[in-house]
Novice: 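There's a structure below that I have some questions on.
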Amino acid sequence: MKRSNKIERQRQSPFAILVLVARIIQNLVKQFSIIIVVLLLGGNRSEDRGSTALMISFGILVFTIARGVVTYFRYYYSVSDEHLIVEKGLFSTSKISIPLDRIQAVDFDQTVIHKLVNLVKVNITTAGSSGSEASIEAVTLEKANELRDVLLHQRKTQTDVTPSRSLSLDLNYNTNSQQIFSLNPLQLFKVGLAENHIKSGFIILGFIFWIIQQAEDADLLDKLKDQVPDINIIKSSVLIISTLIVLMTIASVVISLVKTIVQYFNLKLVRKEESFQLSYGLINSRQFTAKDQKIQVIGWERTWLQKQFDYYTLYFKQASSRTVTEKKRLSIPGCSEQHVKSVRSQLGYSSDSDSTWNMVSPTYKFYSIRNLFIFGVLLFSAILLLGDKNLLLMPLSLYLIYRMISVFKTYNKITYRITEGLIQIAGGTFGNSLEVLQSYKIQAVRLRSGLFQRRRDLTDLYLFTASGSLLIPFLPLDTAKQIRDQLLYTVESSTKDWM
């Protein structure tokens, strides 16, 4: 039996009330947590505190349930031949009509509450939006798949599929799907080990400072002075400092591993018709769809640690601002070189050209070193005005040496190549990265020069796409103009749809 490309006006699943109530409670707790704590700690008697908090909690619960029920009954969605229509509102009704050709991504989220009632949240994103332009809080996976197929024009004539009984997102709901990549436990462990442990270290430091602040507020620090060694003894003890560094490192690695497992558990990349579908998550499951035509840039990178474990992080940038930033792009860690080649080939981003890679102007090194020198002079001058110079001079010197090495390594890796309608830009410092863009998807080309560059006939070349911009820095002005004219001609003469 064939399906219609329209979806009649309908409500969400009745269990959406539970999801809405849980979300409202979560938001209220975040907004009024300080007031709740004050009420619990304030008052003259504990009975007063308990009864007041109980009454407020009961009132919030009643309000939340009532709001969730009203929101559910006043929310409708439908799809016509040309528009997605969402009707919603608490006291007054608003109607959102989104043209189907503006929709760039339809993604699924599944929190713990969604899993309990076997539902998913659908996020619809359009080009130029900073986030989801429309969200359907709770529908069955079958209806979510149907809605995604209609909105992304993926289904022309398909037969009905059996409703999924899984409590989690399942990419293999259609026999036309082909799994390209999945993270097994060993690969997931490697990804966790190669994560940025410095971020985890800052989390630990923040937690330690919070504990110290709480102890200070409770007047516990004075009581513990007799039990804690003097700070000067700790500074002079290599064993104590080494032990603390080792413990911090181990804790940082453990936190990174846990974060990686929670985020990327059961990661799968599937090829379905003319799109890629990515799914992952342990506690909160997420599923993204990257349609071939809407992918603007693909890239892959690996840090020094990732190189030791022999894997890449592949990523897509779609025609939507939500995928422009580092946090929002669709990233697939743990890929082998063969996986990268397979995805690149299926998208038509392969190049058999043997042309050489071009380097940017050597002036880039001089400019970076000059800025680093100015920065170092300012910092050293500030340190000389402080009392404890020896404690700061050593780490600052090491940092400046590290930055000096980084400048040379970065310069050697910034290269570009424009061949066969493809623009390839490589980079990296202690790792490697490569981004590939098809020429006809460029929307604008801009040359921008600072005073330093103008005096030397140099410029930065920016390539703007629907997913953001790519940069080739410090090009000779004549070369940059030639590239600009060549790319603009390719865009104007191309008959392909960029999105």
Novice: Of the non-hydrogen atoms in Leu461 and Ala480, which two are nearest, and what is the gap between them?
Specialist: CD1-O, 4.4 Å
Novice: Against Phe108, only a single residue in His114, Arg148, Gln277, Arg286 fulfils side chain to side chain contact (heavy atoms under 4.5 Å, CB included); can you say which?
Specialist: Arg148
Novice: Can Arg271 be said to sit on top of Phe276's aromatic six-ring, NZ or CZ under 6.0 Å from centre and within 45° of the ring axis?
Specialist: yes
Novice: For the atom pair CG (Asn358) and OG1 (Thr415), what is the distance rounded to the nearest 0.5 Å?
Specialist: 8.5 Å
Novice: Would Arg302 and Asp310 pass as an ion pair if we require N to O under 4.0 Å?
Specialist: yes
Novice: May I ask you to say whether Glu301 pairs ionically with Arg329, meaning some side-chain N is under 4.0 Å from a carboxylate O?
Specialist: yes
Novice: Salt bridge or not for Arg74 and Glu87, using N-O below 4.0 Å?
Specialist: no
Novice: Look at the aromatic rings of Tyr364 and Phe474 and report parallel, tilted or perpendicular, splitting at 30° and 60°.
Specialist: perpendicular
Novice: To the closest 0.5 Å, what do you measure between NZ (Lys6) and OG (Ser78)?
Specialist: 10.5 Å
Novice: Please check if atom CD in Gln308 has more than 12 non-hydrogen atoms from other residues, nucleotides or ligands closer than 6.0 Å.
Specialist: yes
Novice: Decide yes or no on side-chain hydrogen bond (donor to acceptor under 3.5 Å, both in side chains) for Ser285 and Lys115, but give the supporting numbers first.
Specialist: CA-CA 9 Å; Ser285 300; Lys115 291 180 180 180; 3.0 Å; yes
Novice: Will you find, in the side chains of Gln346 and Ser342, an N or O donor that is under 3.5 Å from an N or O acceptor?
Specialist: yes
Novice: Give the C-alpha distance, both sets of side-chain angles, the deciding distance and a yes or no for side-chain hydrogen bond (donor to acceptor under 3.5 Å, both in side chains) between Asn145 and Glu142.
Specialist: CA-CA 5 Å; Asn145 287 328; Glu142 179 196 15; over 6 Å; no
Novice: Return yes if a side-chain donor-acceptor contact under 3.5 Å exists between Gln10 and Lys143, otherwise no.
Specialist: yes
Novice: Say whether Arg11 and Tyr72, considering side chains only, have a donor N or O and an acceptor N or O under 3.5 Å apart.
Specialist: no
Novice: Does the structure place the NZ or CZ of Arg344 under 6.0 Å from the centre of the six-membered ring of Tyr349, at an angle of no more than 45° from the ring's axis?
Specialist: no
